[in-house]
Amino acid sequence: MRTQREQLLVMLNQIIDNNSYDRSPEQTADATATHLQKFWARSMKQQIIAYMDEDGSELCETGRLAVQKLQSI
Amino acid sequence: MIEIFDPKSQNLELNVVPDKDYGTPASQSEQMISLDIDGYEITVPQGTSVMRAAALADINIPKLCASDNLESYGSCRLCAVEIEGRRGMPASCTTPAESGMKVRTQSGKLAKLRRNIMELYISDHPLDCLTCPANGDCELQDMAGAVGLREVRYGFSGDNHLDAEKDTSNPYFTFDASKCIVCSRCVRACGEVQGTFALTVDNRGFKSTISAGQKENFLDSDCVSCGACVQACPTATLIENNVIEQGQPDHSVVTTCAYCGVGCSFKAEMKGEEVIRMVPYKGGKANMGHSCVKGRFAFGYATHKDRITEPMIRDSIDQPWKKVSWEEAIEFSARRLQETQTKYGRESIGGITSSRCTNEETYLVQKLIRAAFGNNNTDTCARVCHSPTGYGLKVTMGEAAGTQTFESVLQSDTVLVMGANPTDAHPVFGSLLRKRLRQGAKLIVIDPRSIDLLKTPHLGNAVHLQLRPGTNVAMINALAHVIVSEGLEDADFISKRCDDDNYQRWRAFIQQPENSPEAVEEVTGVAASDIRKAALWFAEAGNSAIYYGLGVTEHSQGSTTVMGIANLAMATGNIGREGVGVNPLRGQNNVQGSCDMGSFPHDLPGYQHVADDIARARFEARWGVTLDHEPGLRIPNMFDSALAGEFKGMYVQGEDIAQSDPNTQHVEAALEALDILIVQDIFLNETAKFAHVLLPGSTFLEKDGTFTNAERRINRVRKVMTPLGGKQDWEVTVMLSNALGYPMDYKHPSEIMDEIAELTPTFTGVSYQKLEEMGSIQWPCNEEFPDGSPTMHVEDFPIGEGQFAVTQYVPTSEKSTSRFPLLLTTGRILSQYNVGAQTRRTANQAWHDEDILEIHPADAELRGISDGDWLGIRSRAGDTVMRASISERMQPGVVYTTFHHPGSGANVITTDSSDWATNCPEYKVTAVQVEKVSQPSQWQQNFRRFEDEQLEHLRKGREEQAQAIRVR
């Protein structure tokens, strides 16, 4: 059974994979951050941002960029 | 009923009333002709029969073999008429009305002929009218009266059928062959209306008898128990057992079925507060007088002994229930919710709205959560079925709904059915589709399994793209690739209606070689030539329509496939008129409505995002509260959060997440982690076994409101009996809200609908008064579309231009491996409904009393499996045990089961894999291993123990109350 954080990472990576065709990492991160902003609950956003700030080792490069953008929205 | 002939009306078809049988179907011709019948000039569309033309003017010619939902047949000859200038007495049902024709429906000669015919019928018919179950509702009896039959000269001693045996095999109706007049209405209804062709006339002449299948009984034959034959029968030959046992109903109320998303209208025919039978209502625009075994017959659950009729509470789930008053249960619920919020924060509680309840009830629950709980933690079962439809169609076409009426399919030339099994899951629409297929439309099926639609009698051209589970996007891309590379796009539609930048980006993507049929052949397992053929059929037909179901949405790329479907429709210009479109077949009765009503955590009613300041401000002003601008938790997120100790309280109305949601053990652990779980339901369902408060729910027969079906059709639900628990569901939500300090003061659901109309731009024209006038309304219904919108996107899209979306194929992470070499896919069956809570408590159990695992013969042989063996099915999420059914409907490597019975544990195996955009679970792809076993799984043993404990807790709660009553 996945932890909540593991589940959020799986979901984040899925969103990235499905928004990456023909896009730069920057553009994919933009699309991903917009999706998170629109559909994730406040607590989920806070958790992924907190994870990036505290550790973030399991975030891929685009994932980190997306969470940074989410943080700045 | 007295029908008043209005001679001022030019087209009498405009005056038809649903309760009258006009003998033959209406003509669709726009050419009008006039004829003279009995001295009246009558104007009707060309092609109308003389019988119907007369009936439209309330000149009712006697008939027995004719009915207006069947093609004319001309066998009983009772409807003979005289036509000036013609010889003999032709049957009015088979004679088309012609301009200038002069018809006489009554004369001495005609009267004698009709009496002679009736005399022959009655000479071989039991004379037991007074004790016959059809007494008072028998067309044969009526016709004997109408023709003035006074004697039968032939006696009853000759050969006859009076001793014919009854067939009582079907649990809902009886076939009494002694009363049969072999009019063939049942046979024709089974073929023409239902499309099953299970009945036939066996033998010839006097020896003719009606036979189910090859002289089988009804239950063993191909009969699907839709009831069309019972409805068609003019005598007591085919009649409901309820009527035999209880007599004729004395009044009726038109209401809407609470099973699937077709939303059939029924007349609930009653005696007092007891439903005697449900008869499909001809005036219902979704079903036009047809029904399936569930809606027609499986309503007995409403008065089943298992119904929860009294509120109950307990402090923890290892305690017996305690019966309390409504006030005490609501006070307890409110207090526990408030304590939870005080301790864990405002966002620590949430709720689930029901896709089985009415729009008004769903609206109130999400309002309660947003306004009284103060957060957006609201979700609904659409999360686990059609949430990708909401996402995918909103992104591409601007509205989260199907584009057509059901009837539109009758104008389709090619029909693409993807991941749907309409003859089982949406049977009444399935029958309509089969009718169109018999008329010659081409059929494309994209499904890992061979579905019954492919066995449609008289099916013409059909292709089955039997793909591997999880490869939908590759398939839909390959179809689009062929269309673009062959130059079959509708350039005019695209240039006028679609955004060019997104179109060009999509076009460049779809032409990539990796999207060609040849490239995806290995992934999908489908021959490139078949994909190419299907693409040409779709693109080159005049009208092509797409119908899809959960086989599209319940995947890790569910939303992507929905967008791919929209791309395909837009690329070929198959949007905005009859016969085309994108049509999600919704699972439950009010899935469309629950989504429309703002059940999703990110959407206020009418799909207005919570972060939209203007929309939110309107709700805040009307509701008198400040609303959160952030989306709330979705159902799977609620479970994860509960297990993390952050989400602690839940109000669940009419939804059984413990059985229906995937990865059961995960769900059960989450429910056990809650401090307060309030379940409002008609039964002690699987979720309720984890609850602290049990509030009696009300069935669709016990409430007023509306349901919205898969065509966006808002239909009225009308109360026919007092709620067994004393309250309609919306009244309970009102009580809870008031107890939480957020006042609600609705006196009737119509007031709730008025509020919905005020706040939802697509509903501004909807009111109960308008529903009474029109019968039903398809939204959008507003200033722009005052009478609703049968077809959407006719002129433009709500977002202006259609948006093509790039749909890259990203394989699911749920793959078959050496440890789990098979792929499990799940679905449903005709006789059972969803988690089975309703249908398992009816005689529908006769058809399907357990979930079984279907497996291909090759996979079975490899494992030494025979039909009926007990099989252990194991995935990375868990394991369970079911019996085997060896079936060539499956492809090698794929197994299938249903989830209608909680003890079968189908969702113990399904995993937490979900759609990337919406978290809709991937029920359709689970890697599993299967082997023969000799005992139930550990989970099943635990399930039985837990179930016994919880039933004992319920029994004690009820018993204590009974003792208290005895003492008083």
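These values consider heavy atoms only, across backbone and side chains, with no hydrogens, waters or symmetry-generated copies. Each chain gets a letter, A, B and so on, in the order the sequences are listed, and its residues count up from 1.
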Closest non-hydrogen atom pair, A:Q4 against B:A644: OE1-CB, 2.9 Å
Please report the interatomic distance NE2(B:H666) to CD(A:Q7), rounded to the nearest 0.5 Å. 7.0 Å
Contacting region of B:S556 [heavy-atom separation from chain A under 4.5 Å]: both
So, taking the atom named CE in A:M11 and the one named CZ in B:R634, what distance separates them when rounded to the nearest 0.5 Å? 5.0 Å
A:N19 portion near chain B, given a 4.5 angstrom heavy-atom threshold: side chain
Shortest non-hydrogen contact from B:Q808 to A:N18? O-OD1, 4.4 Å
Please state whether the side chain, the backbone, both or neither of B:L633 comes within less than 4.5 Å of a heavy atom of chain A. both
Ranking B:Y391, B:F600, B:Y809, B:F639 by heavy-atom pairs under 4.5 Å to chain A gives rank one to B:Y391
Atom NE2 of B:H602 and atom CD of A:Q37: how far apart are they, to the nearest 0.5 Å? 13.0 Å
Apply side chain to side chain contact (heavy atoms under 4.5 Å, CB included) to residues B:D628 and A:R42 and explain how you reach the verdict. CA-CA 10 Å; B:D628 193 348; A:R42 179 187 287 111; 2.6 Å; yes
From A:T32 OG1 over to B:W916 CH2, what is the distance, rounded to the nearest 0.5 angstrom? 8.5 Å
Pairwise distance CG(B:N377) to OG(A:S43) - rounded to 0.5 angstrom: 7.0 Å
How long is the gap from OG1 on B:T812 to CD on A:Q14, to the nearest 0.5 Å? 8.0 Å
